[in-house]
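Here is how names work: the chains are called A, B, and so on, in the same order as the sequence lines, proteins then strands, and each is numbered from 1.
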Amino acid sequence: MRWSQLFIPTLREDPADAEVPSHRLLLRAGYIRQLAAGIYSYLYLGQRSVLKISRIIREEMDRIGAQEFFLPAIHPAELWQESGRWDQLADTMFQFKDHGGRELCLGMTHEEVMTDIARGELRSYRQLPQIWYQIQTKFRDEARPKSGLMRLRQFIMKDSYSFDIDEAGLDASYKKHYDAYCRIFSRCGLDYQIVEAHSGAMGGSQSHEFMVVSDAGEDHIALCVKECGYAANLEKARSAVKPVQDLDGDHAPEEFSTPNIRTIEELVAFSKTGPEHMMKAVVYVAPAADKDKKDEVVLAFVRGDHQLSEAKLADALGGATVRSARPEEIQQTFGAAPGSIGPLGVKGVRILIDEAFRGRRNLISGANRDHHHIRYLTPEKDFTGAYHDLREVADGDPCVRCGRSLRVASAIEVGHIFKLGRRYAQAMGLRVLDRDGKEVTPIMGSYGIGVERILTAAIEQNHDQNGMCPPRAVAPFEVVLTPTNLKDDSIRQAAEQLYAELRQTGVEVLYDDRDERPGVKFKDADLIGIPLRITVGRKVGDGLVELSERSTGVRADAKIADVVTLVRSRYCG
RNA sequence: CGGGGCGUGGCGCAACCUGGUAGCGCGUCUGCUUUGGGAGCAGAAGGUUGUGGGUUCAAAUCCCACCGCCCCGACCA
């Protein structure tokens with residue numbers, strides 16, 4: 001393509017609204033323009049990158065035998081009411097009415113539509129397994145879109161769904177996706193991590209997320225610094241605890257005065273005891289499912305130097321959504337203010353204890369009386385509760401698997417696979433006959449990839465002061481051909497000829513035939529991140545051009561006669 | 001949804017506090033010169049100052065309401 005005829009609106013200055021590097025560069029390089037919060041137009045370069053990413057995904061999905069569909073973005077409300085998600089997801093779904101008053105929504109995902117097709121057509125175990133996928137625009141009315149293409153209200157997603165007759169079949173479909181995803185992200189040039197994931201309110205038994213470590217990411221993961229391979233989403237990550245030496249002796253619990261002591265920190269200073277000997281009481285409320293029932297107050301304990309994980313607490317309570325209790329609720333339930341809450345004498349409140357307290361003794365906690373705490377508390381002897389893993393892993397905690405340190409990092413979620421189970425199939429009446437002629441409910445898997453997030457992650461991982469340097473697989477062109485001065489006949493002729501030859505041999509080449517000074521062309525080429533530049537300049541008289549690699553900055557002269565072969569073999573093979 | 005910030009030619013900003021009819025840089029257009037890292041000179045075009053209302057002789061500027069965008073937090077199948 002001839003640059004002079006293309007629309008590549010590069011910007012010299014940083015746009016005021018862009019903070020993270022990928023957003024800034026996508027705007028500056030003329031890949032995208034914003035239409036509204038979380039809604040972007042993909043211009044020529046952006047669309048080329050998106051198409052290249054989509055093509056890679058398509059190839060790898062086809063390779064595992066997945067079949068591509070194209071499904072509606074507009075869905076009738078009834079479909080989502082059947083699965084129960086119309087109300088459940090009302091806050092993040094674009095819902096609207098047509099002229100006749102019929103309720104519709106823009107699809108945020110396609111479990112319902114896929115399952116609807118399946119229930120109408122799949123009759124026999126002989127038709128299974130099936131893997132169906134699509135690459136489609138999804139819509140979510142995010143409470144807070146942010147960071148360019150990181151969190152969008154309209155975005156492109158590859159989503160696939162597997163239907164199997166039994167668990168073993170699902171395992172196989174899951175494994176196929178796992179492997180396909182590895183190939184996809186590797187081909188896109190991403191340095192990624194696979195982490196065990198929390199399957200969330202969707203249910204499901206097993207789940208992995210494909211994460212790209214980046215400061216711009218909004219997820220948090222824990223990674224073992226050694227090669228034991230442990231990696232998990234922070235919502236699910238576990239850590240070991242270093243053994244703690246408790247105070248010996250068989251003491252009875254003893255209340256003591258702690259005037260104006262409310263925080264663990266103050267208590268540590270006051271009692272001259274380490275926080276690992278304290279039971280931090282955290283009070284939560286699980287709102288009642290029915291309006292007739294009362295909200296349930298729960299009391300959770302984590303070690304003084306640990307943090308409670310709300311996700312784990314919610315899991316321990318069977319997937320309920322929880323909120324922290326208000327001070328007046330705490331006062332009413334325990335007869336004391338937050339900061340003085342403890343396990344003794346508590347009635348009618350569920351008590352959850354973090355695993356880290358197993359086998360511990362002579363601990364300190366609140367006395368349920370203002371300005372008082374209790375020491376010599378021993379779980380199981382003095383009070384009981386259910387043990388659960390409740391604490392959030394902190395940077396530097398020992399790895400559960402190998403005991404080395406865990407690193408907590410922020411990351412971009414580019415893919416997510418999980419075993420859905422039978423929830424949708426059941427709710428929507430998908431049944432097939434098995435070998436014995438008995439009706440059974442197939443088991444499903446659901447697998448997603450965020451297309452824009454691959455682009456975002458690729459840029460977050462690969463950029464410098466001059467612009468982006470995306471991997472070749474996602475860059476909009478493979479080569480930029482840059483004549484330094486088109487008014488010089490020998491330069492122009494050499495460039496024109498190279499352009500023709502490169503195109504002929506199938507190299508994706510962007511020919512910068514603009515009447516601009518060399519500096520402008522170099523800056524633009526660096527900004528938009530074309531992996532290889534061929535500069536046709538002053539050495540053309542000696543039969544030489546210059547090759548320079550965007551990502552490394554390495555430059556070398558090459559004979560004009562050899563360039564096409566060289567480029568094809570070394571750079572665009 | 002809570003907190004904070006910002007809306008002025010295409011982009012980045014100034015003028016607002018202290019009211020007097022909008023200015024700078026970049027970009028754009030024309031001409032000449034220049035040509036290996038965002039050129040120089042000369043000339044030119046381009047703005048209902050987010051929207052609506054109010055105060056005033058007079059509003060980008062003061063007041064009220066609304067809309068939009070960004071950031072932090074909550075939320076995130």
(message) Quick one: does any side-chain atom of A:D513 pair with a main-chain N or O of A:W3 as donor and acceptor, under 3.5 Å?
(response) yes
(message) Check A:E235 with A:K312, please: is the shortest side-chain N to carboxylate O separation under 4.0 Å?
(response) no
(request) Between B:A14 and B:A60, how far apart are the C1' atoms? Round to whole Å, please. (result) 12 Å
(message) Can you check the distance between B:A58 and B:U21, where both ends of the measurement are the C1' atom (answer in whole Å)?
(response) 9 Å
(message) Between A:D488 and A:I491 (side chain of the first, backbone of the second, donor and acceptor by atom type, cut-off under 3.5 Å), is there such a pair?
(response) yes
(message) I'd like to know if A:D464 and A:R550 make a salt bridge, using a cut-off of under 4.0 Å between side-chain N and carboxylate O.
(response) yes
(request) With sequence neighbours excluded, give me every side-chain hydrogen bond (donor to acceptor under 3.5 Å, both in side chains) pair touching residues 525-537 of chain A. (result) A:R533-A:T535
(message) Taking only the P atom of each, what is the distance from B:C6 to B:U61 in whole angstrom?
(response) 15 Å
(message) For a quick test of reading the model: is some side-chain N or O of A:Q34 closer than 4.0 Å to OP1 or OP2 of B:C70?
(response) yes
(request) Please state whether the rings of A:F418 and A:H416 are parallel, tilted or perpendicular, taking 30° and 60° as the class boundaries. (result) tilted
(message) Does the plane of the ring in A:H177 sit parallel, tilted or perpendicular to the ring in A:Y447? Use 30° and 60° as the thresholds.
(response) parallel
(request) Rounded to the nearest angstrom, tell me the gap between atom NZ in A:K138 and atom C1' in B:C76. (result) 16 Å
(request) Please work out if A:E112 contacts a base, only the sugar-phosphate, or nothing of the nucleic acid, heavy-atom cut-off 4.0 Å. (result) nothing
(message) Can you check the distance between B:G46 and B:G53, where both ends of the measurement are the P atom (answer in whole Å)?
(response) 27 Å
(request) Please check if the side chain of A:E329 supplies one atom and the backbone of A:R326 the other of a donor-acceptor pair under 3.5 Å. (result) yes
(request) Whenever both distances are under 3.5 Å in a Watson-Crick or G-U wobble pair, mark it; put RNA chain B into dot-bracket that way, with [ ] for crossing pairs and | when the partner is on another strand. (result) (((((((..((((......[..)))).((((((.....)))))).....(((((..]....))))))))))))....
(request) Would you mind classifying the nucleic acid contact of A:S147 as base, sugar-phosphate or nothing, using non-hydrogen atoms under 4.0 angstrom? (result) sugar-phosphate
(message) Treating A:S446 as the side-chain partner and A:L420 as the backbone partner, does any N or O pair qualify as donor plus acceptor under 3.5 Å?
(response) no
(message) So if I take residues 36-47 of chain A and measure heavy-atom distances to RNA chain B, which residues fall below 4.0 Å?
(response) A:A36, A:A37
(request) Using whole Å, report how far NZ of A:K146 lies from C1' of B:C70. (result) 12 Å
(request) Give a yes or no on whether a salt bridge exists between A:E167 and A:R422, defined as a side-chain N under 4.0 angstrom from a carboxylate O. (result) yes
(request) Check the distance between B:C1's P and A:E142's CD and give it to me in whole angstrom. (result) 14 Å
(message) Would you measure the distance from the C1' atom in B:U49 across to the matching atom in B:G23 and give it in whole Å?
(response) 12 Å
(request) Only pairs at least two apart or in different chains count here, so list each ring-ring contact (aromatic ring centres under 6.0 Å, His included) that has a residue in residues 129-148 of chain A. (result) A:F69-A:W132, A:W132-A:F163
(request) Write down the distance between CG (A:L27) and P (B:G10), rounded to a whole number of angstrom. (result) 17 Å
(request) Return the value, rounded to whole Å, for the distance between atom CZ of A:R24 and atom P of B:C71. (result) 13 Å
(message) Please enumerate all residues that pass ring pair (Phe, Tyr, Trp, His ring centres under 6.0 Å) together with A:Y174, with sequence neighbours excluded.
(response) A:H208
(request) Quote, to the nearest angstrom, the C1' distance that separates B:U51 from B:G7. (result) 12 Å
(message) Distance check needed: B:C71 C1' versus A:M150 CE, whole Å only.
(response) 15 Å
(message) For A:M108 and A:D14, find the nucleotide of RNA chain B closest to each by heavy atoms; which residue's nucleotide sits nearer the 5' end?
(response) A:D14
(message) Taking the P atom in each of B:U30 and B:C17, what is the distance between them to the nearest angstrom?
(response) 41 Å
(message) If you count every heavy atom of other residues, nucleotides or ligands that lies below 6.0 Å from A:Q497 atom CD, does the total exceed 12?
(response) no
(request) With P as the reference atom in both, quote the distance from B:C24 to B:A59 in angstrom, rounded to an integer. (result) 24 Å
(message) What is the separation between atom CG on A:L25 and atom C1' on B:C11, rounded to the nearest whole Å?
(response) 16 Å
(message) Using whole Å, what does the distance between atom P of nucleotide B:C75 and atom CD of A:Q88 come to?
(response) 16 Å
(message) Can you build the contact string for nucleotides 28-38 of chain B? Use B for base contact, S for sugar-phosphate-only contact, and - for no protein heavy atom under 4.0 Å.
(response) ------BBBBB
(message) Between B:G25 and A:E13, counting only base atoms on the nucleotide and side-chain atoms on the residue, is there a donor-acceptor pair under 3.5 Å?
(response) yes
